[in-house]
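Down below is the structure, laid out as structure tokens.
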Amino acid sequence: MDTLCSLSGLDPLWDWNQTWYTHNPELSNCFQNTVLVWAPCIYLWVLSPFYCLHLYCHGRGRLPLSSLCSAKLVRQTGLSPDIVRYLAFFSYFALQLAQLFLSCFADQAPSGKAVLKNACPVQDASFLSKILFWWFSGLLFKGYRSPLQAEDLWSLREEDTSEKIISDLEEEWTAERTKLQQQENHLSTSIALGSRLPEQAQFLRKIQKEQSSGFCLLRTLARSFGPYFLTGTLCLMVHDAFMFSVPQVLSLLLGFMKDEDAPLWKGYFYASLMFLLSCLQSIFNHQYTYTCFTVGMRVKTAVMGLVYRKSLVVNSAARRTCTVGEIVNLVSADTQKLMDFVVYFNAVWLAPIEITLCLFFLWQHLGPSALAGIAIVIFIFPLNGFIARKRSKLQEIQMKYMDGRVKLMNEILNGIKILKFYAWEKAFLEQVLGYREKELKTLKKSQILYSVSIASFNSSSFLIAFAMFGVYVLIDDKNVLDAQKIFVSMALINILKTPLSQLPFAMSTTMQALVSLKRLGKFLCQDELKPDNVTRESFKSGERSLVDKHYCNGTFSWSKDGPPCLKRISVRVPCGSLVAVVGHVGSGKSSLLSAMLGETEKRSGAVSVKGSSAYVPQQAWIQNASLQDNILFGREKKESWYQRVLEACALLPDLDNLPAGDTTEIGEKGLNLSGGQKQRVSLARAVYRKADVYLLDDPLSAVDAHVGQHIFNKVIGPRGILRDKTRVLVTHGMSFLPQADLILVLVDGEISERGSYQELLNRNGAFADFIHTFASSERKDCFSEASQRGNITVVITFEPLPDSDENHIQEDLGKLTKVDKARIGRVKLEMYIEYFHTIGLPLIVSIVFLYAFQQAASLSYNYWLSLWADQPVINGTQLNTDLKLGVYGALGFAQGIAIFGTTVAISLGCIIASHHLHLELLNNVLHSPMSFFESTPSGNLLNRFAKEIDAIDNMIPDGLKMMLGYFFKLMEVCIIVLMATPFAAVIILPMAFLYGFIQSFYVATSCQLRRLESVSRSPIYTHLNETVQGASVIRAFNEQSRFIMGVNHKVDHNQTAYFPRFVATRWLGVNLEFLGNGIVLAASILSVMSKGTLSPGMVGLAVSHSLQVTGFLSWIVRSWTDVENNIVSVERVKEYADTPKEAAWSIEGSSLPPSWPQKGTIEFHDYGLQYRKGLELALKGISVHIKEREKIGIVGRTGAGKSSLALGIFRILEAAKGQIYIDGINIAEIGLHDLRSRITIIPQDPVLFSGSLRMNLDPFDAYTDEEVWNALELAHLKNFVSELPDKLNHECSEGGENLSLGQRQLVCLARALLRKTKILVLDEATAALDLETDTLIQSTIRSQFEDCAVLTIAHRLNTIMDYTKVIVMDKGHIVEMDSPSNLIAKRGQFYYMCREAGLL
């Protein structure tokens, strides 16, 4: 090149004397005319083909010629620099800057291209805008002017949507899972036949399988998201290169300060270079972090999608091991752990490399003394590795307790009505607090260990410096510590501090992620329902059979290893026939339908179903949607068919009672519908479907008899709208059997008899005996149900809502659930005061004092170092090095102790606050009335108990530690910089105001985004909860794809708030760090300007500390924002403090006798009740006196107010007027628990909780085992429980799913028999029982509750014909009340009901 230059008559290409060793540096002419001209051209020529290829593949059309585009083009044809060289150069340079500025703004999108509504601007942002995140500024301005709303947020980019992510990932995961299953099968077959692995080996194999499934999931995620993640890793490596360059430039600057002859321009050059390197470091760091968070967001979407899809296909045995609470935890806590893992994973391998490089550069400055630093690092690593392992184990234990707590809360919320009826809230509150106490105890241990880790790492820079400087000065008196050695070493040690502090956190995060991966992998590898359980064929008209169950030894079970639930089943059902399935409770009737749906494990035999199927489960599954949506279930509305279905299913009268007709919103699990209404809606859903096969699991037991007869005639029977369809009906109603084409009699999972009604009677078998015994009563009964069953309807017809005006528009009347709304604006100061008040003033004062002490110690030892550096060298040595080293060491160790003290104090204080907040939330929720639970989705409440409490437990303490730590460090840096260069105040003060503005500007938007993200998360949990509980119905109707689309929409909606949240942090980081780098530039420039007056030691102290300001300021605002964002969790937890509450559970000083009520008399005095203000009274002017030992039957048509009486007696709803007296005491004046624990109800919906059978009967352990067994015997459960392996300790699954509905109802009866209070309310309690069991139960109630007052909301009229009195209700009034015989004689309403029922 020099030859080429000389041929052209120019200078050499590079001349150091002209460029560096001079007071007026200039580049050679040859360099200017070659490199500066050729380099841009080569760059353009090399990259042009790649850019053209990119345009060809991803071209978006031509840009419209906007004013912005025109301005850019004007620059391209700008002035030639040849006119007047000097003037033209500056004009040209100004135009270059103008174009750079214009390039920061994106052109309009090409016309004709489909543009997403409110599309994310990053796709059209310019290069400079992307790297500095200026494209985000628009949303920040909008959020600063007014609080952001969900509609202000951008749409997700296509590559971030659930559909795109999961469609790619699902295939990968299926392939991985298949491979894993093949390995498992191979391992199983390799074990010798007939041999059995010892228990230990089986346990090890189980652990190995869980770990393998976790690694398979990790591998799948890595394949999908790894390439994009690697681009971020590349940015991190470039960032590291710039990071290590800064100390080298600092070394040159301090060398310049020592060299009196060095030209001044070099000082400015070093200062500017340091500023440039710091800015580049910031840019690459934030690009890396942005990439990581984007990958984390996609991983979250992927995992949520996989878990949701798995929950739709998991088999029954696996479902029992994974409760709803645990599944919610998988998509909340565990996905968060994976997102953290993505962000910190690179630190696991990169931190050791950074540490090695730091030690290498330290060796260059201090020689072998750097080995002392290595020794400290080697000591710190194992210590923190040990702590990380211990914390990982503790975290696993804590997650287990958290799972248990959330699972229990989920059950409490699902069964809250039962808890209130039985006054069991305290027992379950104690159970939740038991889990919580263990959880916090484990968290406390973990936090103390973490404090040791933080103290060792925060003191690591001091310990390394102390060891290295100590060894350096002690091994040789001639070793002098000057400013260059000390402060370059300190800059390197500060760099070293980052990987040292990140490494334990990265290791801990990795360990936690591995635990979460194992948990997720275990769930995702659970056994699924086998598609070959049922062979599905398309239905062709003219074929004879629709359902074909063959193989005479067809055997089915609920799990692979469990006992068979059906044996030797062989059935063939002709097309269009009606098959009735009968049998005792627990005989396998529901299991038979489940086998037809493919829900059970097929041991042998085959099931073939021709055509589409519809299923009506025994317990109706109702969605939190409008009544119409529940019936249409995703199908298009056809008005004439829809009306016909409503009429056939007897729903038209109910629509008149609902506030907004069929658009009325139904609460979760149908909370605002009666049992009869829920079953009819469930049936209507199936009928509307127009399927080929109908599987009906006892749908008529939950409806009134006249309604039941109506439904049978209009829907199921030979003249019903399903007459041409194949119907398999499980029933306890004998009257329907003569009309069945085929009857199957099940006994202990086997078909004992089959045939038509007449054939079975002619055989004179067990069925014939049964029919002869119950035929007459059932025939009457079946019609007697006629007036009865709709009655419970009232419970809900008027759903409880918050106070509202009567003038509400129709849509508002139909609304029930309250959407989880985001509050707006900044978090109020009162919220912080409340939070810190729970910590306590003494602890807060201690924390502030310890922080101040710790930073004072840090400032002192740093200033001590600058004095040491400036000490003159006499005869090649420095004096009193031992003393200097001793003082330095004492100050450093004092700081380390203070760091440990502060972190422990904050951790303990936050645990105290967390305990109080959880207790307050739990109390607020359990003290809320039923109307609160009917209008608040359980997902909202579970979100509070899971995600929000987790944030209070972990995120707030970490944020506070970080914020306070960096704030006090910043104070220290500002003092040091001002001590060195007081003139820096001119720059620091304006920057402080600018930082304050940016902080308030950013926090307003960030907090609102946090709230929006939080409220959009709750519907995901609610939807997941609902789906898991209704999975069998969803599968039966083949609606999986629609529900998957629904959850995709909800997850995407949540991510639209999450994406701008983390981009906001990047915007803040880049902009703050650029301003912070200005302080570095100011400190450096001012130091160069004061070269003659400042000592090198002071310059080194000021500049090395100013290098940290950038990070400090950024982290202060970020950690403050994190605290404010997470204080939103406190705000959300406390928002239930202001909701309406029930009356007190117990009243202190109450004079209520312990044995009250002794007689069991009940008096209603002009009693009125309404479901909410603005609605008509459900009970009007009820005045009645029920004497002791009286047996009262309550009858009436749907909506008459029968169940409202029960709700009034238990004060589930408070009186609107009048009073109720029990044994002469006004129940409104006593505590709710005092009332509810002294009277008993057997409710219609039997609810059990996970736990032992004994706990479900007696949660307070108030009765002996003998008393419990006696109650079970009277409830006809003793034989069943005796045969269970664990007997009373038999573990009930969530919701009691491992017991049949009838058995659950008998457990509820056993509860009543155990309590045996003087007043018993039966709310259609025998709905799910067969006639024989029902008769036994009725006789048990008559004998055992002979001396009690019994109120029966009648199910079958014949059961109350021998009662003392019958109350006939209509439209909230008592229209008749007398003995049954007298009422019949009066020929009033009761007479006609009995006549209609065939009793007369």
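Keep in mind it's a predicted model, so treat the numbers as computed, not measured.
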Whether the side chain of [X] engages the backbone of [Y] through a donor-acceptor N/O pair (distance < 3.5 Å, no angle test) should be reported.
{"X": "T289", "Y": "N285", "value": "yes"}
{"X": "S860", "Y": "A856", "value": "yes"}
{"X": "Y851", "Y": "K961", "value": "yes"}

Salt bridge between [X] and [Y], side-chain N to carboxylate O under 4.0 Å?
{"X": "K407", "Y": "E326", "result": "no"}
{"X": "E948", "Y": "R1010", "result": "yes"}
{"X": "D403", "Y": "R519", "result": "yes"}

I need the minimum non-hydrogen distance between [X] and [Y], along with the two atoms involved.
{"X": "L520", "Y": "L338", "value": "CD1-CD1, 3.6 Å"}
{"X": "T838", "Y": "A913", "value": "OG1-CB, 3.3 Å"}
{"X": "I387", "Y": "S453", "value": "CD1-N, 4.0 Å"}
{"X": "S459", "Y": "I899", "value": "OG-CD1, 3.8 Å"}
{"X": "V515", "Y": "S392", "value": "CG2-OG, 4.1 Å"}
{"X": "F945", "Y": "R405", "value": "O-NH1, 2.8 Å"}

**OP:** Fit a plane to each ring of F1062 and F293, take the angle between them on a 0 to 90° scale, and name the class: parallel (under 30°), tilted (30 to 60°) or perpendicular (over 60°).
**Re:**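 Answer is parallel, since the angle falls under 30°.
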Within 6.0 angstrom of [X] [atom1], more than 12 heavy atoms from elsewhere:
{"X": "F1260", "atom1": "CZ", "answer": "yes"}
{"X": "F466", "atom1": "CZ", "answer": "yes"}
{"X": "M1255", "atom1": "CE", "answer": "yes"}

Could you check whether [Y] and [X], counting side-chain N and O atoms only, form a donor-acceptor pair closer than 3.5 Å?
{"X": "S907", "Y": "Q447", "value": "yes"}
{"X": "Q855", "Y": "E972", "value": "yes"}
{"X": "N954", "Y": "D950", "value": "yes"}
{"X": "T1005", "Y": "R1061", "value": "no"}
{"X": "K337", "Y": "T335", "value": "no"}

Original post:
Do E1013 and K947 pass the salt bridge (Lys or Arg N to Asp or Glu O under 4.0 Å) test, and can you show the C-alpha distance, the side-chain angles, and the key distance before you say yes or no?
Top reply: CA-CA 12 Å; E1013 193 266 332; K947 186 78 178 175; over 6 Å; no
Subject >> side-chain contact (heavy atoms from CB on, under 4.5 Å) involving A894 - partner list, sequence neighbours excluded >> reply: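 Partners of A894 under the side-chain contact (heavy atoms from CB on, under 4.5 Å) test: F853.
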**OP:** Take R436 and S914 through the test side chain to side chain contact (heavy atoms under 4.5 Å, CB included) and record every step on the way to the result.
**Re:** CA-CA 10 Å; R436 181 65 178 158; S914 186; 2.7 Å; yes
Can you tell me how far apart [atom1] ([X]) and [atom2] ([Y]) are? Round to the nearest 0.5 Å.
{"X": "I949", "Y": "L917", "atom1": "CD1", "atom2": "CG", "answer": "6.5 Å"}
{"X": "L440", "Y": "I912", "atom1": "CG", "atom2": "CD1", "answer": "10.5 Å"}
{"X": "Q854", "Y": "F900", "atom1": "CD", "atom2": "CZ", "answer": "13.0 Å"}
{"X": "L891", "Y": "S858", "atom1": "CG", "atom2": "OG", "answer": "9.5 Å"}
{"X": "R391", "Y": "Q395", "atom1": "CZ", "atom2": "CD", "answer": "8.5 Å"}
{"X": "N943", "Y": "R1017", "atom1": "CG", "atom2": "CZ", "answer": "5.0 Å"}

Subject >> Residue among N924, N923, L922 satisfying side chain to side chain contact (heavy atoms under 4.5 Å, CB included) with L926 >> reply: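 Passing option: L922.
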Just so I know, are the side chains of [X] and [Y] near enough to count as touching, which here means a heavy-atom distance under 4.5 Å?
{"X": "M971", "Y": "L859", "answer": "no"}
{"X": "L942", "Y": "N1025", "answer": "yes"}
{"X": "S928", "Y": "K1141", "answer": "yes"}
{"X": "I976", "Y": "Y863", "answer": "no"}
{"X": "H286", "Y": "E1073", "answer": "yes"}
{"X": "V925", "Y": "I416", "answer": "no"}
{"X": "T903", "Y": "Y450", "answer": "no"}
{"X": "M409", "Y": "V432", "answer": "yes"}

Original post:
Hey, mind stepping through K445 and E439 against salt bridge (Lys or Arg N to Asp or Glu O under 4.0 Å) and telling me if it holds?
Top reply: CA-CA 10 Å; K445 288 180 188 173; E439 188 185 347; over 6 Å; no
**OP:** List the steps and the verdict of side chain to side chain contact (heavy atoms under 4.5 Å, CB included) for K438 and K441.
**Re:** CA-CA 5 Å; K438 290 173 186 171; K441 195 175 177 183; 5.5 Å; no
Original post:
Below 6.0 angstrom between ring centroids: does that apply to F893 and F462?
Top reply: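 Yes - the distance between ring centres of F893 and F462 falls below the 6.0 Å cut-off.
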**OP:** Please report the C-alpha distance between L964 and I906 in whole Å, then the side-chain angles of each, then the deciding distance to 0.1 Å, and finally whether the side chain to side chain contact (heavy atoms under 4.5 Å, CB included) criterion is met.
**Re:** CA-CA 10 Å; L964 290 170; I906 287 179; 4.0 Å; yes
Subject >> Evaluation steps, side chain to side chain contact (heavy atoms under 4.5 Å, CB included), between I956 and Y835 >> reply: CA-CA 10 Å; I956 292 178; Y835 180 74; 3.3 Å; yes
Just list the side-chain donor-acceptor pairs under 3.5 Å for residues 424-431, sequence neighbours left out, or say none.
{"from": "E425", "atom 1": "OE1", "to": "H1233", "atom 2": "NE2", "distance (Å)": "2.6"}
{"from": "E425", "atom 1": "OE2", "to": "K420", "atom 2": "NZ", "distance (Å)": "3.4"}

**OP:** Under the salt bridge (Lys or Arg N to Asp or Glu O under 4.0 Å) rule, what do D334 and K300 come out as? Steps first, then yes or no, please.
**Re:** CA-CA 9 Å; D334 288 299; K300 178 184 174 184; over 6 Å; no
